[in-house]
There are 2 protein chains.
Amino acid sequence: MKRTTSSGHLARLDKLESMLKSEDFLTVRALSHALHVSTRTLYRDINILRDRGLPIDADKGKGGGVRLHRSWGVGKLSLTEEEAVDLLLSLAMSDRLNSPLFLESLQSIKYKLLALLSTDQKRKIENLRSRVLIGSSASPSVHASYEQSDVPICSALKQAFISKLCLEVSYEDENKRETHRVIEPHYLYFNTPVWYIFAWDHLRMDFRVFRVDRMKRSFALSARFELRPKQEFEHLIETDSPISL
Amino acid sequence: MKRTTSSGHLARLDKLESMLKSEDFLTVRALSHALHVSTRTLYRDINILRDRGLPIDADKGKGGGVRLHRSWGVGKLSLTEEEAVDLLLSLAMSDRLNSPLFLESLQSIKYKLLALLSTDQKRKIENLRSRVLIGSSASPSVHASYEQSDVPICSALKQAFISKLCLEVSYEDENKRETHRVIEPHYLYFNTPVWYIFAWDHLRMDFRVFRVDRMKRSFALSARFELRPKQEFEHLIETDSPISL
DNA sequence: TATATAGCTGCCATTTTGTGTCACATTTAG
DNA sequence: CTAAATGTGACACAAAATGGCAGCTATATA
């Protein structure tokens with residue numbers, strides 16, 4: 001069984017880093033007490049953190065101390081690829097949906113994230129992005145009939161959409177009739193607060209639009225489909241406005 | 001003068017981490033040669049990285065090796081405090097607005113982000129969060145009259161809201177009359193796609209609701225205000241539903 | 001089944017590095 | 001000037017990392 005975190009030294013450096021992040025002015029003496037080491041050791045630790053790129057400011061003399069430089073980072077967030085994709089798409093959507101109140105920083109986050117991605121990953125996201133369309137606003141009647149979808153349904157749909165897999169769905173149409181279909185989810189269309197799927201319907205052998213909140217069950221099949229150009233669906237959209245990264 | 005990076009051990013761990021990120025299948029023997037240490041040491045390093053949360057997979061037997069868990073590859077994102085705050089609030093709002101299509105990962109991002117924050121920062125965000133309310137849907141007439149706000153106006157408003165500063169605004173009311181006021185922005189209310197401010201109006205000496213997109217100019221003053229309880233504004237809200245982190 | 005490969009762990013002598021103490025330099029506020 | 005603070009150098013000592021080595025399990029291949 002392991003102790004706390006790895007080697008003790010690393011753990012202390014982590015702790016020091018977060019202490020510098022939280023409080024805004026501390027003396028080395030105080031920090032050394034808190035971490036149960038001598039001040040000499042703490043100076044050495046601080047130098048290590050500085051070498052690793054942390055912008056630690058220090059004020060000498062009475063009333064001085066050490067702190068992280070203004071506009072300090074919040075720590076390093078590591079994301080999985082799926083998380084990065086979801087985040088970028090959500091940021092792009094927020095861009096379109098919310099007025100720019102809390103969105104200033106989201107631009108810079110977007111660029112930071114994009115900088116971290118490989119060209120492969122960026123191309124992948126770009127492909128997805130172009131398959132997500134955002135509308136202006138839903139009609140009142142749509143609003144009235146809207147129901148929140150279950151997470152499992154969304155999960156299968158998302159997987160099928162991303163991997164271009166056929167999707168088996170139970171769909172309840174406007175007249176409450178439930179039908180069973182196999183569809184190819186080509187494009188997603190969001191019209192607050194409703195998601196639509198522009199799909200090729202294997203049952204009707206034609207392009208159809210489905211409301212995600214009307215899907216009762218869904219299951220991603222293993223069969224792949226080839227993406228059809230957006231133009232073939234355009235007549236189904238009122239306000240065509242693809243989101244942009 | 002220092003040598004390479006800090007302590008040698010840390011530098012090697014960093015290097016190992018980035019090597020695992022870039023290549024996708026490496027044997028411990030190869031890695032140990034590349035880093036000029038014994039295989040035994042490398043196994044120990046790998047354990048340290050695992051303890052620190054890196055999802056390192058290993059395949060035993062011929063053709064095996066170590067690699068980062070499938071679907072990894074995004075590096076570490078460092079955010080400023082403002083970016084973290086904006087991101088958390090946006091995630092919380094997306095949670096409420098978008099149906100759960102691309103939002104599964106956003107939950108885990110949220111938790112990762114919260115884990116990085118100090119208790120001070122978390123408390124600060126929690127305070128802000130409780131002052132942002134989300135409505136269900138705007139009426140069609142509101143939709144029709146909606147105009148996108150300018151970024152500078154939003155910037156001043158945001159600053160005043162966060163720091164609890166009085167705000168000087170030029171406001172154009174329903175009848176297109178422009179008035180000049182000083183308000184205290186206590187609460188924000190979002191009803192897609194419109195932001196409202198619940199404020200104490202120094203001109204009328206009463207609680208008033210302002211539409212952000214009707215603000216023509218805004219300027220944050222240096223005077224602070226004391227937050228009034230949400231209850232005093234409740235009669236102004238139709239659907240009271242604070243967002244949750 | 002046997003063999004080679006590759007991940008993984010425990011033990012221990014050896015080497016390296018981290019640590020504390022002390023001395024001393026430097027800057028700053030009162 | 002004095003006190004409080006950052007910062008560095010040197011040295012003995014303690015602690016941790018390292019490298020072999022022996023031995024384990026799991027997997028692919030002949």
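Here is the naming used below: chain letters follow the sequence lines, and residue numbers restart at 1 for every chain.
- The side chain of R44(B) approaches dT18(D) more closely than any other nucleotide in the set dA10(D), dT18(D), dG20(D).
- When the side-chain nitrogen and oxygen atoms of R12(B) are compared with OP1 and OP2 of dT18(D), one or more of them lie within a distance under 4.0 Å.
- Taking the ring centroids of F225(A) and H186(A), they lie under the 6.0 Å cut-off.
- For W200(B) and F207(B), the ring centers sit closer than 6.0 Å to each other.
- With distances taken from any side-chain atom of D45(B) to the nucleotides dT9(C), dG7(D), dT18(D), the minimum falls on dT18(D).
- Atom P of nucleotide dG18(C) and atom CG of L35(A) are separated by 17 Å, given to the nearest angstrom.
- Whole-Å rounding puts the F25(B) CZ to dA6(C) C1' distance at 10 Å.
- At least one side-chain heavy atom of L113(B) sits under 4.5 Å from a side-chain heavy atom of L79(B).
- Across the interface with DNA chain C, nearest-nucleotide mapping of H36(A) and K62(A) shows H36(A) to be the residue nearer the 5′ end.
- Taking atom CD1 of I46(B) as the reference point, atom P of dA17(D) lies 16 Å away to the nearest angstrom.
- In this structure, V37(A) and T27(B) both approach DNA chain C, and ranking their closest nucleotides by distance from the 5' end singles out T27(B).
- Contact annotation: H9(A) side-chain N/O to dA15(D) OP1/OP2 distance is not under 4.0 Å.
- Contact between the side-chain N/O atoms of Y43(A) and the OP1/OP2 oxygens of dT6(D) is found at a separation under 4.0 Å.
- The shortest distance between the side-chain N/O atoms of N47(A) and the OP1/OP2 oxygens of dT6(D) is not below 4.0 Å.
- Taking atom NE2 on H33(A) and atom P on dG20(C), their separation rounds to 11 Å, with Å as the unit.
- Within the 4.0 Å cut-off from OP1 or OP2 of dG19(D), at least one side-chain nitrogen or oxygen of T41(B) is found.
- Atom CD1 of I48(B) is separated from atom C1' of dT18(D) by 12 Å (rounded to the nearest Å).
- Going from atom CG of L26(B) over to atom C1' of dA6(C) covers 13 Å, rounded to whole Å.
- What separates CG of L13(A) from P of dT17(C) is a distance of 16 Å, to the nearest Å.
- Distances from the side chain of K60(B) to the nucleotides dT18(D), dA6(C), dT6(D) place dA6(C) closest.
- Rounding to whole angstrom units, CZ of residue R29(A) and C1' of dG20(C) are separated by 14 Å.
- Nearest heavy atoms, L165(B) versus P185(B): O-CD, 3.3 Å.
- The minimum heavy-atom distance between E83(B) and S108(A), with the atom names listed, is OE2-OG, 2.6 Å.
- Here dG19(D) is the nucleotide among dG7(D), dG19(D), dC8(C) with the atom lying nearest to any side-chain atom of R40(B).
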